[in-house]
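Report on the following structure.
Every heavy atom of this structure was used, including side-chain atoms; hydrogens, water molecules and symmetry mates were not.
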Amino acid sequence: MKARGLAMMGNTAECIAALDRAEVVLVRVRDDKPAKWVSHFDEASLASESALCLRQLGELKDAEQQARRVVELRVGDRVRSRAFGQITLARVLLDAGHIEESAIVGRQVCAAVGSLTSARVIARLISLAAALRPHASVPLVRDFLSDSADVTEQKSGRDEETAWPV
């Protein structure tokens, strides 16, 4: 969280130092059993936070590397967490001017989130669609925009209980 705050303030050196310290701590406590009341913070969690910080700082090459690490590590039943990583990757790719690749990753998210009821994933998917919309003349972007519209329309019919932003 400290690194995220430093990134928002544009303090590159201190942000990267905070991420480095977090990595050292994570390695040190890797074998510790987490408390039942706290969500497990692992290598993919740190990579996700790092990707967000580095994107905020404009360090797109490093942000892309961290986002790809999240996608690599979040497989199997971690659909929601993987979707967040993929959306971050798509945003980094878009920031770097890789519009088609961003749209491809966005389509992968659309294909995977059918079973999710996460309002946060859907909100980020909508945000990605809005960011890609100016590039709608690109065929892959049009395909993504169509896919994301289908996903968001399916999810908009849920009741208020499942709409809570989790």
Side-chain angles (χ1 to χ4, degrees), residues 1 3-10 12 15-16 19 39 41-166:
M1 293 309 295
R4 291 275 293 270
L6 291 165
M8 290 178 75
M9 293 184 337
T12 302
C15 175
I16 291 173
L19 291 171
S39 178
F41 192 90
D42 59 9
E43 182 181 354
S45 303
L46 180 57
S48 180
E49 292 297 325
S50 296
L52 293 170
C53 290
L54 293 165
R55 177 177 178 246
Q56 177 81 34
L57 294 168
E59 301 287 336
L60 300 180
K61 184 178 179 185
D62 292 334
E64 179 182 345
Q65 180 181 356
Q66 292 298 321
R68 288 190 187 281
R69 185 74 179 136
V70 175
V71 174
E72 175 186 318
L73 292 170
R74 291 292 189 234
V75 292
D77 66 342
R78 303 294 301 263
V79 176
R80 181 174 176 261
S81 198
R82 182 179 173 87
F84 284 134
Q86 288 173 299
I87 292 169
T88 299
L89 175 59
R91 291 305 295 256
V92 169
L93 291 167
L94 179 59
D95 292 348
H98 304 292
I99 295 163
E100 290 184 339
E101 192 175 358
S102 176
I104 289 168
V105 173
R107 290 192 79 197
Q108 292 169 351
V109 174
C110 291
V113 299
S115 64
L116 290 180
T117 57
S118 173
R120 288 181 56 214
V121 168
I122 299 306
R124 289 188 189 178
L125 195 58
I126 290 168
S127 176
L128 176 61
L132 278 166
R133 196 163 286 112
H135 307 284
S137 62
V138 177
L140 285 170
V141 172
R142 273 196 311 271
D143 292 343
F144 163 70
L145 292 173
S146 175
D147 290 353
S148 67
D150 290 346
V151 168
T152 56
E153 285 173 19
Q154 287 174 6
K155 301 299 180 184
S156 66
R158 54 183 199 258
D159 61 34
E160 283 188 31
E161 183 177 325
T162 58
W164 187 73
V166 292

Should V70 and R82 be marked as a side-chain contact (heavy atoms from CB on, under 4.5 Å) after you check the CA-CA gap, both sets of side-chain angles, and the distance that decides it?
CA-CA 7 Å; V70 175; R82 182 179 173 87; over 6 Å; no
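- One finds no salt bridge joining R55 and E49 here, because no Lys/Arg side-chain nitrogen approaches an Asp/Glu carboxylate oxygen to under 4.0 Å.
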For the pair S45 and D42, evaluate side chain to side chain donor-acceptor pair (under 3.5 Å) and give the outcome as yes or no after the intermediate values.
CA-CA 5 Å; S45 303; D42 59 9; 3.0 Å; yes
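- Between S118 and V113 there is no side-chain heavy-atom pair separated by less than 4.5 Å.
- Between atom CD1 of residue I122 and atom CZ of residue R120 there is a gap of 12.5 Å, rounded to the nearest 0.5 Å.
- The shortest distance between side-chain heavy atoms of R74 and F84 does not fall below 4.5 Å.
- Summarising the geometry, atom CG belonging to L57 is positioned 9.0 Å from atom CG belonging to L6; distances are rounded to the nearest 0.5 Å.
- Residues R68 and E64 are paired through a salt bridge, judged by an N-O separation under 4.0 Å between the basic side chain and the carboxylate.
- The minimum heavy-atom distance between L19 and C53, with the atom names listed, is CD1-CB, 4.1 Å.
- Of the possible polar contacts, one joining the S50 side chain to the L46 backbone as a donor-acceptor pair under 3.5 Å is found.
- Considering every non-hydrogen atom in both D147 and R107, the closest pair reads OD2-NE, 2.6 Å.
- Considering OG of S102 and CG of L89, their distance stands at 8.0 Å, rounded to 0.5 Å.
- Q108 contributes atom CD, which lies 12.0 Å from atom CD1 of I87 (distance to the nearest 0.5 angstrom).
- Taking all atoms of both residues into account, the shortest heavy-atom contact from L128 to A90 is CD2-CB, 3.6 Å.
- Of all heavy-atom pairs spanning L125 and V151, the tightest one is CD2-CG1, 3.9 Å.
- Of all heavy-atom pairs spanning A7 and C15, the tightest one is CB-SG, 3.8 Å.
- Put simply, CG on L132 and CD1 on I99 are 7.5 Å apart, with the number rounded to the nearest 0.5 Å.
- With hydrogens and angles ignored, the 3.5 Å screen pairs a side-chain donor or acceptor of S148 with a backbone N or O of L145.
- Looking at V121 and R80, their side chains come closer than 4.5 Å, going by heavy atoms from C-beta outward.
- Atoms CD and CD, from E59 and Q65 in turn, are 12.0 Å apart once rounded to the nearest 0.5 Å.
- A 4.5 Å side-chain heavy-atom check between V138 and F144 finds every atom pair outside the cut-off.
- Donor-acceptor pairing under 3.5 Å is recorded for the side chains of S127 and R91.
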I would like to know whether H135 and E100 meet side-chain contact (heavy atoms from CB on, under 4.5 Å); could you show each step before the answer?
CA-CA 9 Å; H135 307 284; E100 290 184 339; over 6 Å; no
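- Counting only distance, with no hydrogens or angles, the side chain of T152 and the backbone of A149 share a donor-acceptor pair below 3.5 Å.
- Shown here for A63 and V92, the closest heavy-atom pair between the two residues is CB-CG2, 3.9 Å.
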